[in-house]
Protein chains: 2
Amino acid sequence: MSSSPEKLNVHERVRRQHASELAQDYVEAIYIALEEGRNLRVADLQEIFGVSHVTVIRTLRRIEEQGLLANAKSGELALSPEGRKLAKLSADRHDLLVRFFRALGVSEAQADADAEGAEHHLSEETLGAIRRFLEKS
Amino acid sequence: MSSSPEKLNVHERVRRQHASELAQDYVEAIYIALEEGRNLRVADLQEIFGVSHVTVIRTLRRIEEQGLLANAKSGELALSPEGRKLAKLSADRHDLLVRFFRALGVSEAQADADAEGAEHHLSEETLGAIRRFLEKS
DNA sequence: AACCCTTTGTAGCACAGGCTACATGTCGAA
DNA sequence: TTCGACATGTAGCCTGTGCTACAAAGGGTT
């Protein structure tokens, strides 16, 4: 996880990004649900991600080991401070990209789908450029 | 590969994209080298992707099984027509994204790196919007 | 109490994509 | 021609992320 920059080549960087995508997507989903006052369970995540409940359980265990979950009342999911921070970052990036694609004329649904795929692969530099672009337009 | 649209949910679509990324990256690398008159070998790909030569060999075998490689003289890599088509598509998308990020004010190196990560995750709709944006500016 | 449904959990498998260690092949120089 | 270097290939392992099949736990209905 999150260790040093180390000068990776381009492809190594992309691999690194992939490795943390799932965790981000999970905490993001949990975060959004909590924001909306809903309480996610395994079955919900199964639905959201289109995988079996078994896969959800195991992935949750992994992100718990990464310290992103807080142990809430049994059956309920809660985020640790780091989890919440990561989720907020992800959600903000996602929103930014959706607004950006919308500004370029992309439909709502497609903007959302593409943001989901692309949000893990843009540097702070590029995100900054996108923010500036949105401010100007 | 490339089978039916089937109405995947957002995350299923992203997973699908990941599954074809490596193949695209490999044929793209081979394609570009051939364009420039160089002849890639395993050792070059190992360098480019930052993995061991064993990983390169196995990945090549897989993309060969997918019909993307043509059997060239031993020790040399060549693309099948489908491989070439896929490579060209990838390379074009990559270039488009680099130009786009550059137009937004992103540095050359970062534009290239981010394009590498993002190029597999944008829909035709969004790519079209980007093309239109670049024409206007 | 017995039953069913839903939810969650466990066992165990497959495949992709990493790796190291070892084996072979080829080629230029001594 | 033998040796050493480099390229390529094989064997076998690990982890992540998917799956199905089965097990257990809980709640509602009859």
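Note: hydrogens, waters and symmetry copies are ignored here, and every other heavy atom, side chains too, is used. Each chain gets a letter, A, B and so on, in the order the sequences are listed, and its residues count up from 1. Given the structure is predicted, the values throughout are model-derived calculations rather than measurements.
For the residue pair B:E21/A:H18, the side-chain donor-acceptor check at 3.5 Å is satisfied. A side-chain N or O of A:H94 and one of A:E119 form a donor-acceptor pair less than 3.5 Å apart.
Spacing between atom CG of B:L77 and atom P of D:dA7 amounts to 14 Å, rounded to whole angstrom units. Note: CZ (A:R16) to C1' (C:dG17) measures 15 Å, nearest angstrom. The distance from atom CG of B:N39 to atom C1' of D:dT8 is 16 Å, rounded to the nearest whole Å. When the P atom of C:dT7 is taken as reference, atom CG of A:L40 falls 13 Å away, rounded to whole Å. Spacing between atom CZ of A:R13 and atom P of C:dG18 amounts to 16 Å, rounded to whole angstrom units. In this entry the distance linking NE2 of A:H11 with C1' of C:dG18 reads 16 Å, nearest Å. Between the P atom of C:dT7 and the CD atom of A:Q46 lies a distance of 9 Å, rounded to the nearest Å. Between the CG atom of B:L45 and the P atom of D:dT8 there is a distance of 9 Å, given to the nearest Å.
A salt bridge between A:R13 and B:D114 is present, with a side-chain N of the basic residue lying under 4.0 Å from a carboxylate O of the acidic one. A salt bridge between A:K88 and A:D92 is present, with a side-chain N of the basic residue lying under 4.0 Å from a carboxylate O of the acidic one.
For B:T55, the side chain to side chain contact (heavy atoms under 4.5 Å, CB included) criterion is met by B:V51, B:S52, B:T59, not counting sequence neighbours.
In this structure, B:Y31 and B:L86 have side chains that are not in contact, with every pair of non-hydrogen atoms separated by 4.5 Å or more.
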message = Each nucleotide in nucleotides 9-23 of chain D should get exactly one letter: B, S or -. Can you fill that in based on protein heavy atoms under 4.0 Å?
response = BBB----SBBBBB--
